[in-house]
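All chains are named by letter (A, B, ...) in the order of the sequence lines, taking the proteins before the strands, and each is independently numbered beginning at 1. Bear in mind that the values here come from a model prediction, so they are computed numbers and not experimental data.
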There are 2 protein chains.
Amino acid sequence: MKKSSKKKEYKKLDKTYHVFFTNLANPLKINIILSLKRKKKSVTELSKSLNIEQSKISHALTSLKCCKIVHAKKKGRKRIYELNKETILPMFKLINKHAKTVCKGDCVCKGDCTIK
Amino acid sequence: MKKSSKKKEYKKLDKTYHVFFTNLANPLKINIILSLKRKKKSVTELSKSLNIEQSKISHALTSLKCCKIVHAKKKGRKRIYELNKETILPMFKLINKHAKTVCKGDCVCKGDCTIK
DNA sequence: TTTTCATATGAAAGAGAATTCATATTTATT
DNA sequence: AATAAATATGAATTCTCTTTCATATGAAAA
C-alpha cells in the first residue's frame, strides 16, 4: 500500500473491528479465551495449562486486554485474568450456529480458500 | 513455530474460527461486507464503489465465499455477490454494543496494543 | 535487603495473509 | 470466429502480526 496505511480504510469507528477480529483470528488467543471461559487464571496458570511459554501468553493477553476481551486484577504478585463473557460467548454461539446451519459442516474450506 | 503449524492448535472444529475471524480481521473485507450489506453487487460494482482494483476484490471475495460470509450467483458474465446477513449482522451488533458499553469509547487501543 | 517468584517489555526474526500485476478463463456480443 | 467484457488465478512481493528470547520490572519472602 502506498500512502494511507491499511487501517486508515476503516476510518474512525472501525479500528475496533480490526483489533477485535485480529485478536480472534489467533489460535493462541482463542485457546486462552476458551481456557478463561471455564475459570479465571493467572499468567502462569494459563502458561502451564496451555503448555505455552510465559511471554507468549503475556503478549497475547496484552492485546486481548486492549480491546477488553479480558481484564486483569492484581493479586499479590500475580495478575488474575478474567474473560469478559458478555460479548465473546454470544459471538462464539453465532459462529457455531453458522458452522452448523450455513456451512453444514464443510466450513473447513479445502484448498479454494486463501486462508490457511 | 517448530513442528505443528499454527492452525493445528485449533484442532478440528476451530478451523472455522480461524478462517472466519481472519476474514473479518481485514479492512477491505469489512468494507466489502458493509457495502454488500446495503445492496448485492457484482465484482465490478464493488470495485468501482470502493475504488479498489478488481483482482483485489476478487481475491477478497474468494475467502469470504469460502466460509460462506458471502455467496455468489451467476448473471450473464457477471457474478452477483450477496451477503449472508444472518451471522454477520448480529456479530457486528455485538461489537458495536461492546464498543459502547464495555469500552466506553476508548476501544481504540492507543499504543499499548500489539495490533496496529 | 537480597533473593525469588510472577509478569511485562523490546526488538529481531519468523510466519502468514494481503497486494500487485500479468495473464488466463469464461461468457456475451458483433 | 473474433473481439470485448467480467471475473478469476498464480506467483512474487510486501505488509502485518506473532514468536522468540533476553532482560526489565514489581512484589513478596527469606
Side-chain angles (χ1 to χ4, degrees), chain A residues 1-10 15 18-32 41-48 50-67 70 72-81 109 111-116, chain B residues 1-10 15 18-32 41-48 50-67 70 72-81 109 111-116:
Chain A
M1 180 152 288
K2 282 107 201 188
K3 279 284 150 65
S4 62
S5 74
K6 198 197 285 179
K7 302 101 244 153
K8 272 296 177 59
E9 290 180 26
Y10 274 114
K15 173 79 187 283
H18 187 248
V19 177
F20 210 97
F21 288 129
T22 301
N23 268 316
L24 298 180
N26 181 285
L28 172 58
K29 289 172 188 172
I30 290 285
N31 285 328
I32 289 176
K41 296 186 182 69
S42 71
V43 177
T44 303
E45 286 175 306
L46 278 169
S47 180
K48 285 182 180 166
L50 297 177
N51 195 33
I52 298 285
E53 189 265 327
Q54 176 267 318
S55 79
K56 225 175 135 178
I57 301 284
S58 260
H59 280 300
L61 286 168
T62 298
S63 320
L64 288 171
K65 192 169 46 182
C66 152
C67 66
V70 303
K73 41 189 174 184
K74 284 189 184 179
K75 186 168 191 179
R77 45 187 167 194
K78 299 183 177 181
R79 306 255 166 123
I80 307 298
Y81 279 86
C109 308
D112 56 328
C113 187
T114 53
I115 298 163
K116 299 166 203 165
Chain B
M1 179 153 289
K2 284 107 198 187
K3 278 285 148 66
S4 61
S5 73
K6 197 198 286 179
K7 303 99 244 152
K8 272 296 176 59
E9 289 179 27
Y10 273 115
K15 173 78 187 286
H18 187 249
V19 177
F20 209 97
F21 288 129
T22 302
N23 267 315
L24 298 179
N26 179 287
L28 172 58
K29 288 173 187 170
I30 290 285
N31 285 328
I32 288 175
K41 296 186 183 67
S42 70
V43 176
T44 303
E45 286 176 307
L46 278 169
S47 179
K48 285 182 180 167
L50 297 177
N51 195 32
I52 298 285
E53 189 264 326
Q54 175 267 320
S55 80
K56 225 174 133 178
I57 301 285
S58 260
H59 280 299
L61 287 168
T62 298
S63 317
L64 289 171
K65 194 168 46 180
C66 153
C67 67
V70 303
K73 42 187 175 184
K74 284 189 186 179
K75 186 167 188 178
R77 47 190 165 193
K78 299 182 177 181
R79 306 254 165 124
I80 307 297
Y81 279 86
C109 308
D112 56 325
C113 186
T114 53
I115 297 165
K116 299 165 206 167

Whole angstroms only, please: what is the CG-C1' distance between B/L24 and C/dA18?
15 Å

Nearest to side-chain heavy atoms of B/I115, which nucleotide of D/dA6, D/dT18, C/dA17
D/dT18

A/H18 vs D/dT16: side-chain N/O to OP1/OP2 distance below 4.0 Å
no

Can you tell me how far NZ of B/K56 sits from NZ of B/K29, rounded to the nearest 0.5 angstrom?
11.5 Å

Backbone of B/I52 reached by a side-chain donor or acceptor of B/S47 within 3.5 Å:
yes

Euclidean distance, atom NZ of residue A/K74 to atom P of D/dG26 [Å, nearest integer]:
9 Å

Of all the choices, C/dA17, C/dT7, D/dT18, which nucleotide is nearest to the side chain of A/K116 once you look at every atom?
C/dA17

Atom CD1 in A/I57, atom NZ in A/K41: separation rounded to 0.5 Å?
10.5 Å

Would you give the length of the straight line joining atom NZ of B/K73 to atom NZ of B/K78, rounded to the nearest 0.5 angstrom?
14.0 Å

Restricting both atoms to N or O, compile the protein contacts to nucleotides 9-13 of chain D shorter than 3.5 Å, with distance only.
residue: D/dG10; atom: O6; partner: B/H59; partner atom: NE2; Å: 2.5

If I take atom CZ in residue A/F21 and atom C1' in nucleotide D/dT16, what distance separates them, rounded to the nearest angstrom?
18 Å

Taking all heavy atoms of A/L28 and all of A/A60, pick out the closest pair and write down the distance.
CD2-CB, 4.1 Å

List the steps and the verdict of side-chain hydrogen bond (donor to acceptor under 3.5 Å, both in side chains) for B/T114 and A/S63.
CA-CA 6 Å; B/T114 53; A/S63 320; 2.3 Å; yes

Gap between atoms CG and C1', on A/L64 and C/dA8 respectively (whole Å):
15 Å

Could you pick out which residue, B/E53 or A/G76, lies toward the 5' side of DNA chain D when each is mapped onto its nearest nucleotide?
B/E53

Do the side chain of A/R77 and the base of C/dT4 come within less than 3.5 angstrom through a donor-acceptor pair of N or O atoms?
yes

Proximal nucleotide (of D/dT19, D/dT7, D/dT18) relative to the B/T44 side chain:
D/dT7

Between its two end axes (five pairs each) the helix from C/dT1-D/dA30 to C/dT30-D/dA1 turns, nearest 10 degrees, through 10°

Are A/N26 and D/dT18 close enough that a side-chain N or O sits under 4.0 Å from OP1 or OP2?
yes

Any side-chain heavy-atom pair of A/L46 and A/L61 under 4.5 Å:
yes

Trace of the side-chain contact (heavy atoms from CB on, under 4.5 Å) decision for A/I32 with A/Y81
CA-CA 10 Å; A/I32 289 176; A/Y81 279 86; over 6 Å; no

Atom CD1 of A/I80 and atom C1' of D/dA27: how far apart are they, to the nearest Å?
14 Å

Distance below 4.0 Å between A/S63 side-chain N/O and D/dC17 OP1 or OP2
no

Which nucleotide, D/dT19, D/dT18, D/dA6, lies nearest any side-chain atom of B/K78?
D/dA6

Does B/R79 place a side-chain N or O at less than 4.0 Å from the phosphate oxygens OP1/OP2 of D/dA8?
yes

Would you mind reporting whether B/H18 and A/I115 have side-chain heavy atoms less than 4.5 Å apart?
yes

With respect to the phosphate group of C/dA6, does any side-chain polar atom (N or O) of A/Y81 fall under 4.0 Å of OP1 or OP2?
no

Could you say whether A/K75 or A/A60 is positioned toward the 5' end of DNA chain D, judged by the nucleotide with the nearest heavy atom to each?
A/A60

Rounded distance in Å - CD1 (A/I32) to C1' (C/dT7):
13 Å

OG of A/S58 to NZ of A/K65: how many Å apart, nearest 0.5 Å?
8.0 Å

Without decimals, in angstroms, what is the distance between A/L28 CG and D/dT19 C1'?
10 Å

Name the closest nucleotide to the B/V43 side chain, picking from D/dA8, C/dA18, C/dT7.
D/dA8

By the 4.0 Å heavy-atom rule, please label B/K29 as base, sugar-phosphate, or nothing.
sugar-phosphate

B/I52 atom CD1 is separated from D/dA6 atom P, nearest whole Å, by 19 Å

Spatial distance of atom CG (B/N23) from atom CZ (A/F21) [nearest 0.5 Å]:
10.5 Å

